[in-house]
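Letters go in sequence order (proteins before strands), and every chain restarts at 1.
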There are 2 protein chains.
Amino acid sequence: MNDLPRSGCPINLTLEALGDRWSLIVIRDIIFGNRRHYRELLTRSEEGIASNILADRLKRLMAGGFLTREDDPSHKQKAIYSLTEKTIQLVPLLAAMAAWGRRHTAVSRPLAIRAKLLEEGGPALWAILMDELRATHLMKQAATTDAFARLQDAYEAELSQNA
Amino acid sequence: MNDLPRSGCPINLTLEALGDRWSLIVIRDIIFGNRRHYRELLTRSEEGIASNILADRLKRLMAGGFLTREDDPSHKQKAIYSLTEKTIQLVPLLAAMAAWGRRHTAVSRPLAIRAKLLEEGGPALWAILMDELRATHLMKQAATTDAFARLQDAYEAELSQNA
DNA sequence: AATATCTGATTGCATTATGCAATCAGTATC
DNA sequence: GATACTGATTGCATAATGCAATCAGATATT
């Protein structure tokens, strides 16, 4: 699958690692949607990812060191996917994408408000979110999830306004 | 070419607009490499883009409002490609990609130093660079290009050290 | 005036990625 | 024992990508 990189440019290498139509969607859902299982990623995806594509991307992301996989004790066939540190460090990149998208694409309102909060919170909020993700995904302990909850609350508040 | 978006998520929409293996490479070369012509983009590309892909991407980027095209007075078949404001606003996103790539991929040294400068300069340097790009691409006047020159000088200094 | 070179592309063809629908074999639930 | 849920895989069609060759008009060279 992986040949030699086209160049040693950091932008190019980032693009080669994540520049397809689905990898960042999966990562986004794990980070902001707190999805940890295959079935959650498959059925609760806004974009409707196909099962074979999801399986392929999970495989690739694990091979690339973006995700790790453990057995879920509750079900012998169930797996839990966790973020690695390098994936957690994509938060600023996702924030930049969200900020640009909010300005220059036709985003839907409930999703825009989350992007707005993420942008206005700036590096300080990103750092908090990243620490929470580290606690959840790397240390495997109950974490305080203030930043996540804040983003989630804002999103749900926006949803209920439109209802 | 463009169907309905898969979702209204800003990250997804950004990905749908630019999430392929070449669009951002072309934009990067125009922004940081100051390429303005088809032939420059084709032959001076680190990654070796194919001519048909380049032609397709230029077409798509123009259709998407990322680039504009004018005739070059020096040659009746020559075209000059310019950035639009929304493309200039990708600078922070490219900076985030470069910063992540520098930490987590095997970047080459001369290209890494440019990414380092871009990261350390932070939003202040990005703003300067963006203003220079506006002057060059939007106002069509001779612009002071300090930030660009700084990045270029650092890159060349690094190159000559390795020689 | 002929030739060569440079301009921004396009064409043909092979390979690869993506997408949809159906299916799979274990596991758990009822 | 039937049903549903688990993380996938398979078959097949369509779309994107990549390489090499080629194009015609414009300019430069001799």
Side-chain angles (χ1 to χ4, degrees), chain A residues 1-7 12 15-26 29-30 33 35-64 66-82, chain B residues 1-7 12 15-27 29-30 33 35-64 67-82:
Chain A
M1 195 70 74
N2 266 357
D3 281 11
L4 283 179
R6 304 181 295 189
S7 84
N12 173 59
L15 219 43
E16 289 197 41
L18 301 164
D20 69 274
R21 288 178 117 56
W22 291 109
S23 297
L24 276 180
I25 293 293
V26 172
D29 280 351
I30 298 176
R35 313 285 151 76
R36 305 297 298 271
H37 303 284
Y38 181 94
R39 203 47 66 161
E40 286 178 335
L41 288 163
L42 182 66
T43 59
R44 300 179 54 204
S45 152
E46 286 261 342
E47 289 82 14
I49 190 170
S51 61
N52 55 343
I53 307 285
L54 176 58
D56 178 77
R57 289 308 179 281
L58 288 172
K59 213 181 285 177
R60 256 196 247 185
L61 288 171
M62 286 189 287
F66 289 93
L67 297 177
T68 58
R69 187 198 140 113
E70 300 150 90
D71 293 335
D72 185 330
S74 81
H75 189 302
K76 283 199 180 159
Q77 274 190 323
K78 223 167 168 178
I80 306 177
Y81 294 96
S82 296
Chain B
M1 194 69 76
N2 267 355
D3 281 12
L4 283 179
R6 304 182 296 190
S7 83
N12 174 59
L15 218 44
E16 289 196 41
L18 301 164
D20 70 275
R21 289 177 117 57
W22 290 109
S23 296
L24 276 180
I25 294 292
V26 172
I27 289 170
D29 280 351
I30 298 176
R35 313 284 151 76
R36 304 297 297 273
H37 303 284
Y38 181 93
R39 204 46 67 159
E40 287 177 335
L41 287 163
L42 183 66
T43 58
R44 300 178 55 204
S45 152
E46 285 261 342
E47 289 82 13
I49 190 169
S51 61
N52 55 344
I53 307 287
L54 176 58
D56 178 77
R57 288 310 179 279
L58 288 172
K59 214 181 284 178
R60 254 197 250 184
L61 289 171
M62 285 188 288
L67 297 178
T68 58
R69 187 199 140 113
E70 300 150 90
D71 292 335
D72 185 332
S74 80
H75 188 303
K76 284 197 178 160
Q77 273 190 323
K78 223 166 164 178
I80 307 177
Y81 294 96
S82 296

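Atom CZ of A:R35 and atom OG1 of A:T43 lie 8.0 Å apart (nearest 0.5 Å). A:I80 contributes atom CD1, which lies 10.0 Å from atom CD of A:E40 (distance to the nearest 0.5 angstrom).
Put simply, A:W22 has no side-chain N or O that comes within less than 4.0 Å of OP1 or OP2 on C:dA17. Within the 4.0 Å cut-off from OP1 or OP2 of D:dT9, at least one side-chain nitrogen or oxygen of A:K59 is found. In this model, the phosphate group of D:dT17 is approached by a side-chain N or O of B:R60 to a distance below 4.0 Å at OP1 or OP2. Distances shown here put every side-chain N or O of A:R57 at or beyond 4.0 Å from the OP1 or OP2 atom of D:dG7.
At the heavy-atom level, A:R69 lies under 4.0 Å from the strands shown only through sugar-phosphate atoms. Residue B:D20 is in sugar-phosphate contact alone, with no base atom involved, counting any heavy-atom pair closer than 4.0 Å across all strands shown.
Of the candidate nucleotides C:dT27, D:dG18, C:dC20, C:dT27 has the atom nearest to the side chain of A:K76. Closest contact between the side chain of A:N52 and the listed nucleotides C:dT7, D:dT9, C:dT10 involves D:dT9.
Nearest-nucleotide positions on DNA chain D for A:E40 and B:P73 put A:E40 closer to the 5' end. Nearest-nucleotide mapping onto DNA chain C: of A:H75 and A:S51, the residue sitting toward the 5' end is A:S51. Between A:A50 and B:R39, the residue anchored closer to the 5' end of DNA chain C is B:R39, taking for each the nucleotide with the nearest heavy atom.
When only modelled atom types and interatomic distance are considered, B:R69 and B:Y81 share a side-chain donor-acceptor pair under 3.5 Å.
Note: CG (B:L54) to P (D:dG18) measures 12 Å, nearest angstrom. At whole-Å resolution of the value, NZ in B:K78 and C1' in D:dA26 are 11 Å apart. What separates CG of B:D71 from P of C:dT7 is a distance of 15 Å, to the nearest Å. Computed from coordinates, the B:R21 CZ to C:dT18 P distance equals 8 Å when rounded to whole Å. Atom CD1 of A:I25 is separated from atom P of C:dT18 by 13 Å (rounded to the nearest Å). Distance OH (A:Y38) to P (C:dC24): 16 Å, rounded to an integer number of Å. Between the P atom of C:dA9 and the CG atom of B:L58 lies a distance of 7 Å, rounded to the nearest Å. Going from atom CD1 of B:I53 over to atom P of C:dA17 covers 13 Å, rounded to whole Å.
Remark: the A:Q77 side chain and the D:dG7 base include no donor-acceptor N/O pair separated by less than 3.5 Å.
Only one option out of A:N52, A:D56, A:L58 pairs with A:L54 in a side-chain contact (heavy atoms from CB on, under 4.5 Å); it is A:L58.
Under the 4.0 Å criterion applied to side-chain N and carboxylate O atoms, B:R57 and B:D20 are assigned as salt-bridge partners.
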